[in-house]
Amino acid sequence: MPTIDQAKRLVQNRSNIVVLTGAGMSAESGIPTFRQAPRGLWAEYSPEHLATPEAWQADPALVWGWYLWRMGLVRAAVPNAGHVALAMAAETHTIRIVTQNVDDLHERAGSGDVLHLHGGLFAHRCFACARPHGEVAIPDSGTTPMRVEPPRCAHCGGLIRPGVVWFGENLPEAAFTQAVAASAACDLMLVVGTSGIVHPAAGLPLVARDAGAAVVEINPLETELSAVAHVCVRGSAAAVLPEVLG
Ligand code: OAD
């Protein structure tokens, strides 16, 4: 039986689904993935220069400008058919989305149960006192990243940082605890558009599998998680999800 039919049958027979998503989920909305040549964000800008607390402390304007550019890209993007299919599937199944993405495309597609393991692009906070900060002016998409001085915190004067998890930082504890519990309790996990190399998020499919769930990978390419999956559907999120969940 073709893998897409195997995945479809699993969806039909299971009710409690966790969907682990990565950058590939939003690729067809025009948001570049991290590691895929030649457009990957990390190919042009090395993570150690942009996505660590040390990089921020060394050059906050460089890092803030880069995140502003990404905010502009996301603002201009719209959810793709994969995001929409997941939102619609919540009418017939329990769907919990666990995403590594910092965009808001799952929510804008209508998904209500979304855990963000790596924070959110629009959840700015003070680097010094951690108080949340309101909206900031976001440049139009299409501009290239440039240096921008970050705003200052109205309470302590500290610099405002993006609300994302940087390398070397801990994941939001509550979100990760819920993600582990959901993974251990689901009867099907869909792993969509992630290379599966960043832990601890990449460990969740094994948690699901060890607890007895079926694991289905949806990705055009083989990944670190392909060996964990019972079924691997080789295709894109926007093409495969509507068919598998439809
Ligand atoms: P990656 O860029 O590492 O992997 C993207 C995956 O998506 C690859 O396996 C691609 O084959 C796949 N892909 C590409 N286009 C696709 C499509 N249209 N449909 C389905 N899959 C597609 O991104 P992540 O795995 O999300 O963390 O990266 C994990 C984390 O690494 C990110 O959250 C970020 C990064 O460093 C932090 O910033 C903390």
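Counting starts at 1 for both ligands and their atoms, following the listed order. All values reported here derive from a predicted model rather than from experimental measurement.
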Do any N/O atoms on [X] end up under 3.5 angstrom from N/O atoms on ligand 1?
X: A237; result: yes
X: F34; result: yes
X: N219; result: yes
X: W166; result: no
X: V192; result: no
X: S195; result: yes
X: H118; result: yes

What atoms of ligand 1 come within less than 4.0 Å of a heavy atom belonging to [X]?
X: F167; answer: 36 (O)
X: G22; answer: 26 (O)
X: T33; answer: 2 (O)
X: A23; answer: 23 (O), 24 (P), 26 (O)
X: E28; answer: 17 (C), 18 (N), 19 (N)
X: L221; answer: 11 (O)

Judged by non-hydrogen atoms, does P220 sit under 4.0 Å from ligand 1? yes
Using a strict threshold of under 4.0 Å (side-chain N to carboxylate O), is an ion pair present between R234 and E217? yes
Name all pairs fulfilling the ring-ring contact (aromatic ring centres under 6.0 Å, His included) condition that reach into residues 87-108, sequence neighbours left out, sorted by first residue then second. H83-H106
Under 3.5 Å, is there a donor on one side chain and an acceptor on the other for H199 and E224? no
No-hydrogen, no-angle side-chain donor-acceptor test under 3.5 Å, N80 and S29: yes
Using 30° and 60° as the class boundaries, would you call the ring planes of F127 and W56 parallel, tilted or perpendicular? tilted
Under-4.0 Å heavy-atom contact with ligand 1, by part of V165 that carries it: backbone
Got V164 and H118 here, is their nearest side-chain heavy-atom distance under 4.5 Å? no
R75 charged N/C atom sitting above F122 aromatic ring, 6.0 Å / 45°: yes
Might you point out which heavy atoms bring A201 and L20 nearest each other, and give the distance in Å? O-CD2, 3.9 Å
Test: salt bridge (Lys or Arg N to Asp or Glu O under 4.0 Å). Region: residues 123-149. Which pairs qualify, not counting sequence neighbours? D59-R147
If you round to the nearest 0.5 Å, how far is CD1 of I31 from CE of M25? 12.0 Å
